[in-house]
Amino acid sequence: MNDPFAIEDDSRPSAPWLNGLNPEQQDAVTATEGPVLVLSGAGTGKTRVLTARLAEILNGGRVRPWQCLVVTFTNKAAREMKERVGRLVGPGAEGLWLGTFHSIGVRILRRHAEAVGLSSNFTILDADDQLRLLKQVMEAEHLDLKKTPPQGVMAQIQRWKDRGIAPDKPEVGGLDGKLYQAYQARLLALNACDFGDLLLHTLTLFLNDAALLEQYQEQFRYILVDEYQDTNVSQYLWLRLLAQKHRNLCCVGDDDQSIYSWRGAEVGNILRFEKDFPGARVIRLERNYRSTPHILACASHLIAHNAGRLGKTLRSGLPPAGTAEKVGVRGVWDGESEARAIVEEVEALQRAGEKLASVAILVRAGFQTREFEDRLISQGVPYRILGGPRFYERAEIRDAMAYFRLVVSPADGLAFERIVNLPKRGLGEAALATLNALAGRTGLPLFEAAKRLVTSDDLKPKPRAALAQFAADIDRWRATLDGMDHADLAATILDESGYIEMWKADKSPEAPGRVENLKELISALGDFESLPVFLEHVALVMDNDEKAEGDRLTVMTLHGAKGLEFDTVFLPGWEEGVFPHSRALSEDGGKGLEEERRLAYVGITRARKRARIFYAANRRIYNKWQDCLPSRFIAELPEAHIDHVSATGYAQPRWSAPRAVTWTAPAQPVAESDFRPGERVFHTKFGPGTVKAVEGDRLDIHFDHAGPKKVLASFVEKP
């Protein structure tokens, strides 16, 4: 019987897993000895290379499967690789140590848990349980959770863990450091750990027990790592320790796709690979098997503006396929016209026989999805939000909408229950139980029951005062429904309730995006006649069946799109402050800007056949119109490979300095409209109105029902 692990003669015939690989890929597969960095550009077949390399090692008889450690970043990637390797090498793949950093960490930690003060049956806490435990620790320290938000403390603790810093290290100090120590002590007492501990504890094991470290160094003769550019410091240190003996470490990654610094990823890990592992080979995979030459030229030209990179240039590995389309760059007037233009193109592609599933709209920030969702629904185009909830399903939007619903309809008990103690007003379970009991006895809506309850002594003074203030606020806002602009009222509600401030004080990575979404919600109100009309619109929007099967367009963020590909990709919002994002521009040393440029590179390279970039001359942000400058990234695209058309009155923008942009002269003067101030006009969306001012083809109109708007003359007509 053949031994599947028998050492084979090196003169064996060409291995089947090498068939179809280009020379660079074959080099990456067969260079099995010593440290190797495979710089794998977008669409260059890195998964195939990793799988073939593993087959080369196993079928070459160099080691037994359990002597190979393969680390991926997602469970999905681990399953896919195991299936592929299984097809190539058969049952031998079952013994591999193959999984995510966390799953490998759990496997090691359960074997040696006692060495770090745990039992082998320790519990792994999820994010909610972690935060709940930290709150208990902070309350035991008599801290005011409003003045010291636990989300911010938890974010700092996780940053320390991502950097491999234990609570007893000198870098840990201040109040956050004290809470870190107390939190870790509480975890040990509960025989629990969080995700950060899964690597931190194994690092502690390896650093404190040289014999144990040597045992694992001896076992793992070959180590393969996927997505190396996304490793944090803790993962980097862990890998360096394990690879010290045999040095057969192969890291596959792309420094140009390092876009997760907010999760703790350190692009420096891949940039200094050759320094960390002297004598390392660097193999560049530059033949892209996904995109057209125009798309690849734009991506390569753009990313070349980054200084912090190892350098490579994508080129097409596909056979010529006729005349490929250039990358489209479109200037539009505002966000609404951007959504309209993109959805019109989507419908044209659908009429031409393209599947909606092959089309994606990739946005920089979650708040941008709102206008696209509204437009897609109004046109009846099926869609899905990938990687997150639809705009109106987001928790912060539901909370805000509950405030608006309660102001419009005080009898809305579900809205009342959602927000009566959000933000925290000191209304505990006992107070809410008393309120519900009164409502049940009297049959009154919860809001009316609350107003009655605060006139009695059934509640303690503190919750009674809080409930009375909440009821007074709702009544006060309701009294201004007819006399105050509804968008201004909505902003006032979110401000005076403390809800916006709650998220501004939150230090979690998601908090800034939630604030942006709330600002976009206020902007959305400007398109509607009143708050009740808006609430009715949202109810209809939510009726769109997200669970419907069939051919659907994808809407998602650029961060979520990494690893995916589509025939056609729309990239809206390429303006300064949106993309690159304003937060990135303020980061020291240009690191934030370089990561934004890498994100743009990722976006462009998701496209197989067509990439369309859009920028707007104006955007309404927090219900205020703002003039926008086109993203500097547009000026970094090669003119020979783009098709630029602007409907804004400007020719192609050329970026000249970090804080300024120079426009070339308009290709043609903006045509004067036929409208004059004082004329009555009709708009298909906003209805009848009166022209107040004319500037070229841009009109300031006061609509009878929608109020003042800035619109293009081509969208209105004379009655």
Side-chain angles (χ1 to χ4, degrees), residues 17-18 20-54 56-57 71-73 77 222-231 236 239 243 247-259 265-319 562-563 565 594-595 597-602 604-606 638 641:
W17 50 86
L18 297 179
L21 298 181
N22 65 42
E24 297 85 14
Q25 290 173 328
Q26 288 192 29
D27 199 12
V29 168
T30 56
T32 57
E33 307 306 306
V36 176
L37 175 63
V38 180
L39 279 180
S40 178
T44 56
K46 73 176 179 65
T47 303
R48 186 178 180 187
V49 166
L50 268 173
T51 305
R53 183 182 175 88
L54 200 49
E56 175 81 7
I57 292 170
V71 187
T72 65
F73 261 82
Y222 290 90
I223 301 175
L224 284 75
V225 186
D226 192 14
E227 304 286 10
Y228 187 61
Q229 77 280 350
D230 293 333
T231 54
Y236 160 78
L239 288 168
R247 299 183 77 247
N248 294 327
L249 172 66
C250 175
C251 293
V252 180
D254 184 1
D255 53 326
D256 292 333
Q257 295 189 72
S258 180
I259 58 174
E266 292 280 350
V267 68
N269 294 346
I270 193 170
L271 296 179
R272 62 170 176 264
F273 187 88
E274 292 176 278
K275 181 179 179 182
D276 290 336
F277 299 95
R281 288 193 61 188
V282 177
I283 301 171
R284 288 171 168 82
L285 304 184
E286 298 174 309
R287 297 194 201 188
N288 176 285
Y289 294 93
R290 173 191 300 157
S291 307
T292 69
H294 289 307
I295 291 171
L296 297 180
C298 284
S300 295
H301 201 276
L302 173 68
I303 200 63
H305 288 77
N306 270 5
R309 63 190 296 260
L310 295 171
K312 62 184 176 305
T313 301
L314 293 178
R315 60 186 186 277
S316 180
L318 297 172
K562 185 171 174 289
E565 56 187 78
E594 293 215 343
E595 180 155 330
R597 190 175 283 111
R598 293 195 292 269
L599 195 55
Y601 170 87
V602 167
I604 293 173
T605 54
R606 297 313 92 196
H641 297 278

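Note that the structure is predicted; figures quoted are calculated from it, not measured.
The two atoms that bring A297 and P638 nearest to each other are O-CG, 3.9 Å, heavy atoms only. Residue G308 comes nearest to L271 through the heavy atom pair O-CD1, 3.9 Å, listed as atom of the first residue, atom of the second, then distance. Nearest heavy atom pair, residue A52 against residue L21, reads CB-CD1, 4.3 Å. The heavy-atom pair separating A243 from F277 by the smallest distance is CB-CE2, 4.5 Å.
Remark: S258 engages no residue in a side chain to side chain donor-acceptor pair (under 3.5 Å) (not counting sequence neighbours). The salt bridge (charged side-chain N to carboxylate O under 4.0 Å, His left out) search around D256 returns R309, K312, not counting sequence neighbours. The side chain to side chain donor-acceptor pair (under 3.5 Å) search around Y236 returns R240, R272, D276, not counting sequence neighbours. Contacts of Q26 classified as side chain to side chain donor-acceptor pair (under 3.5 Å), with partners at least two apart in sequence or in another chain: none. Shown here are the side chain to side chain donor-acceptor pair (under 3.5 Å) partners of N306, two or more places apart in sequence or in another chain: R597. Annotation: salt bridge (charged side-chain N to carboxylate O under 4.0 Å, His left out) contacts of E286 (sequence neighbours excluded): R315.
R284 places a side-chain N or O within 3.5 Å of a backbone atom of G311 that can act as its donor or acceptor partner. Checked by atom type and distance alone, the side chain of R290 pairs as donor or acceptor with a backbone atom of T605 at under 3.5 Å. No donor-acceptor distance shorter than 3.5 angstrom exists from the side chain of S291 to the backbone of L296, with no hydrogens or angles considered. Looking at E594, its side chain does come within 3.5 Å of a backbone N or O of A307 through a donor-acceptor pair. Formation of a donor-acceptor pair under 3.5 Å by the D255 side chain with backbone atoms of V267 is not found in this model. When atom types are taken as modelled, the side chain of H301 and the backbone of C298 share no donor-acceptor pair closer than 3.5 angstrom. Side chain of N248 to main chain of G34: a donor-acceptor pair is present (N/O by atom type, distance under 3.5 Å, no hydrogens or angles). A distance-only check finds no donor-acceptor pair linking the side chain of Q229 to the backbone of A265 [under 3.5 Å].
To the nearest 0.5 Å, atoms CG (L285) and CG (L314) are separated by 10.5 Å. To the nearest 0.5 Å, atoms CD (E595) and CD1 (I259) are separated by 7.5 Å. Atom-to-atom distance recorded for L54:CG and T32:OG1 is 11.5 Å, nearest 0.5 angstrom. In this structure, I57 CD1 and C250 SG are separated by 7.5 Å, a value rounded to the nearest 0.5 Å. Summarising the geometry, atom CZ belonging to F73 is positioned 8.5 Å from atom CG belonging to D226; distances are rounded to the nearest 0.5 Å. Here CD of Q25 is found 8.0 Å from OG of S40. Values are rounded to the nearest 0.5 Å.
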*L39 and F273: CA distance, side-chain angles, deciding distance, side-chain contact (heavy atoms from CB on, under 4.5 Å) verdict*: CA-CA 11 Å; L39 279 180; F273 187 88; over 6 Å; no
*After noting the C-alpha distance and the side-chain angles of T30 and L18, does the key distance pass the side-chain contact (heavy atoms from CB on, under 4.5 Å) rule?*
CA-CA 9 Å; T30 56; L18 297 179; 4.2 Å; yes
*R53/E56 under salt bridge (charged side-chain N to carboxylate O under 4.0 Å, His left out): CA gap, chis, key distance, verdict*: CA-CA 5 Å; R53 183 182 175 88; E56 175 81 7; over 6 Å; no
_Verdict with supporting geometry, I295 and I604, side-chain contact (heavy atoms from CB on, under 4.5 Å)_ = CA-CA 7 Å; I295 291 171; I604 293 173; 3.8 Å; yes
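The shortest side-chain heavy-atom distance between L37 and P35 does not fall under the 4.5 Å cut-off. The shortest side-chain heavy-atom distance between C251 and I270 does not fall under the 4.5 Å cut-off. Taking the side chain as every heavy atom from C-beta outward, L239 and Y228 approach each other to under 4.5 Å. With contacts defined as side-chain heavy-atom distances shorter than 4.5 Å, the pair Q257/E227 does not qualify.
A salt bridge links R281 to D27: at least one charged side-chain nitrogen sits closer than 4.0 Å to a carboxylate oxygen. Under 4.0 Å is where a charged nitrogen must lie from a carboxylate oxygen, and between K562 and D254 no such pair does.
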